[in-house]
Enquirer: 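Below you will find the structure I want to go over with you.
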Amino acid sequence: MKYWLMKSEPDAYSVDDLAAQPKKTDYWDGIRNYQARNFMRDEMKIGDQAFFYHSSCAEPGVVGIMEVVRAAYTDNSALDSKSKYFDPKATAENPRWVMVGVRLKRKLKRAISLRELKTYKALIDMPLLQRGTRLSIMPVTKKQWDYIIKLSDS
DNA sequence: GCCAACGTTGGC
DNA sequence: GCCAACGTTGGC
């Protein structure tokens with residue numbers, strides 16, 4: 001089982017939006033970056049755990065815990081000319097983009113801000129904290145995962 | 001709103 | 001296949 005961090009802008013889709021879905025389950029669409037797509041397509045499996053991360057907002061940080069409930073499948077928003085995620089180069093034969101199904105397990109008892117994450121030596125290697133990293137989906141090690149869970153629960 | 005960093009595009 | 005131009009991300 002692997003661990004992940006998935007970014008979303010709360011103005012567009014927040015952890016509370018996911019919490020409001022039936023069974024707190026939804027799909028994670030709109031990923032238009034190859035490296036992030038490849039993580040979903042090649043490595044994400046049912047049962048994997050993922051942090052819900054709020055980006056581009058007043059207090060960026062980790063806010064929730066999700067579980068992958070469906071492995072990668074076609075992101076049809078790429079084919080929908082009315083979608084904001086429309087990709088003119090995507091075709092039915094080669095849709096290019098995939099999404100996964102996710103379920104919110106719970107919100108963290110205490111959100112862990114980016115500002116706080118940066119203060120811990122144990123997390124120094126997280127890609128999230130590396131200068132210039134813009135990946136919207138990135139792997140998290142078990143150590144980092146456990147460390148953040150402990151922070152939020154204590 | 002600014003801007004550094006990075007990814008993608010497209011002319012050559 | 002190079003690389004300049006452009007668009008996007010995302011923290012601040």
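Lettering follows sequence order; numbering is per chain, from 1.
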Enquirer: Could you tell me whether A:Leu128 contacts a base, only the sugar-phosphate backbone, or nothing, with contacts defined as non-hydrogen atoms closer than 4.0 Å?
Expert: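 Nothing, no heavy atom under 4.0 Å.
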
Enquirer: Report the residues that fulfil side chain to side chain contact (heavy atoms under 4.5 Å, CB included) with A:Arg37, sequence neighbours left out, ordered by chain and then residue number.
Expert: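 Side chain to side chain contact (heavy atoms under 4.5 Å, CB included) list for A:Arg37, sorted by chain: A:Tyr34, A:Arg41, A:Trp97, A:Val98.
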
Enquirer: With A:Asp87, which residues qualify under salt bridge (Lys or Arg N to Asp or Glu O under 4.0 Å), at least two apart?
Expert: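 Partners of A:Asp87 by the salt bridge (Lys or Arg N to Asp or Glu O under 4.0 Å) criterion, ordered by chain and then number, come out as A:Arg96.
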
Enquirer: Can you give the donor-acceptor pairs under 3.5 Å from side chains of residues 61-80 of chain A to other protein atoms, not counting sequence neighbours?
Expert:
residue: A:Glu67; atom: OE1; partner: A:Arg103; partner atom: NH2; Å: 3.4
residue: A:Asp75; atom: OD1; partner: A:Ser77; partner atom: N; Å: 3.0
residue: A:Asp75; atom: OD1; partner: A:Ser77; partner atom: OG; Å: 2.5
residue: A:Asp75; atom: OD2; partner: A:Gly30; partner atom: N; Å: 2.9
residue: A:Asp75; atom: OD2; partner: A:Arg32; partner atom: NH1; Å: 3.0
residue: A:Asp75; atom: OD2; partner: A:Arg32; partner atom: NH2; Å: 3.3
residue: A:Asp75; atom: OD2; partner: A:Ser77; partner atom: OG; Å: 3.4
residue: A:Ser77; atom: OG; partner: A:Arg32; partner atom: NH2; Å: 3.0
residue: A:Asp80; atom: OD1; partner: A:Lys82; partner atom: N; Å: 2.8

Enquirer: Which residues pass the salt bridge (Lys or Arg N to Asp or Glu O under 4.0 Å) test with A:Glu9, sequence neighbours left out?
Expert: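 Here no residue qualifies.
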
Enquirer: Hey, what else clusters with A:Ile46 if you join Ile, Leu, Val, Met, Phe, Trp, Tyr whenever side-chain heavy atoms sit under 4.5 Å?
Expert: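 When side chains under 4.5 Å apart are linked, A:Ile46 ends up in no cluster with other residues.
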
Enquirer: Angle, rounded to 10°, between the helical axes spanning five pairs at each terminus of the helix from B:dG1-C:dC12 to B:dC12-C:dG1?
Expert: 10°

Enquirer: Quick one: A:Glu9 CD to C:dC12 C1', roughly how many Å, whole number?
Expert: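 Rounding to the nearest Å, CD of A:Glu9 and C1' of C:dC12 are 15 Å apart.
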
Enquirer: Report the residues that fulfil side chain to side chain contact (heavy atoms under 4.5 Å, CB included) with A:Ser14, sequence neighbours left out, ordered by chain and then residue number.
Expert: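 Once residues adjacent in sequence are excluded, the partners of A:Ser14 under the side chain to side chain contact (heavy atoms under 4.5 Å, CB included) criterion are A:Pro10, A:Asp16, A:Asp17, A:His54.
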
Enquirer: When the distance from CD of A:Gln130 to C1' of C:dG11 is rounded to whole Å, what number comes out?
Expert: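 Checked: the CD to C1' distance equals 15 Å.
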
Enquirer: Look at A:Tyr53 and C:dT9 and indicate whether a side-chain polar atom (N or O) is within less than 4.0 Å of OP1 or OP2.
Expert: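 Checking C:dT9 against A:Tyr53, no side-chain N or O comes under 4.0 Å of OP1 or OP2.
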
Enquirer: Return the set of residues passing salt bridge (Lys or Arg N to Asp or Glu O under 4.0 Å) with A:Arg131 (not counting sequence neighbours), or none when no residue passes.
Expert: none

Enquirer: State whether the side chain of A:Thr133 and the backbone N or O of A:Pro127 hold a donor-acceptor pair below 3.5 Å, judged by distance alone.
Expert: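 Flag set: sc A:Thr133 to bb A:Pro127 pair under 3.5 Å.
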
Enquirer: Quick check on DNA chain B: between A:Arg131 and A:Lys89, whose nearest nucleotide comes earlier from the 5' end?
Expert: A:Arg131

Enquirer: Which residues in residues 110-121 of chain A have a heavy atom closer than 4.0 Å to any atom of DNA chain C?
Expert: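 Heavy-atom cutoff 4.0 Å gives A:Leu114, A:Lys118.
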
Enquirer: Output every pair passing side-chain hydrogen bond (donor to acceptor under 3.5 Å, both in side chains) with a member in residues 18-28 of chain A, not counting sequence neighbours, ordered by first then second residue.
Expert: A:Tyr13-A:Asp26

Enquirer: Search all heavy atoms of A:Phe39 against all heavy atoms of A:Ile137 and return the closest pair with its distance.
Expert: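 What the structure gives for the nearest pair is CD1-O, 3.4 Å.
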
Enquirer: Quick one: A:Gln35 CD to C:dT9 C1', roughly how many Å, whole number?
Expert: 14 Å

Enquirer: Could you go through residues 118-125 of chain A and list every donor-acceptor pair under 3.5 Å that involves a side-chain atom there, pairing it with any protein atom two or more places apart or in another chain?
Expert:
residue: A:Thr119; atom: OG1; partner: A:Glu116; partner atom: O; Å: 2.6
residue: A:Tyr120; atom: OH; partner: A:Glu116; partner atom: OE2; Å: 2.5

Enquirer: Each nucleotide N or O in nucleotides 1-8 of chain C that has a protein N or O under 3.5 Å away: list the pair and distance.
Expert:
residue: C:dT8; atom: O2; partner: A:Arg134; partner atom: NH1; Å: 2.8

Enquirer: Should A:Lys7 be listed as having a side-chain N or O under 4.0 Å from OP1 or OP2 of C:dT9?
Expert: no

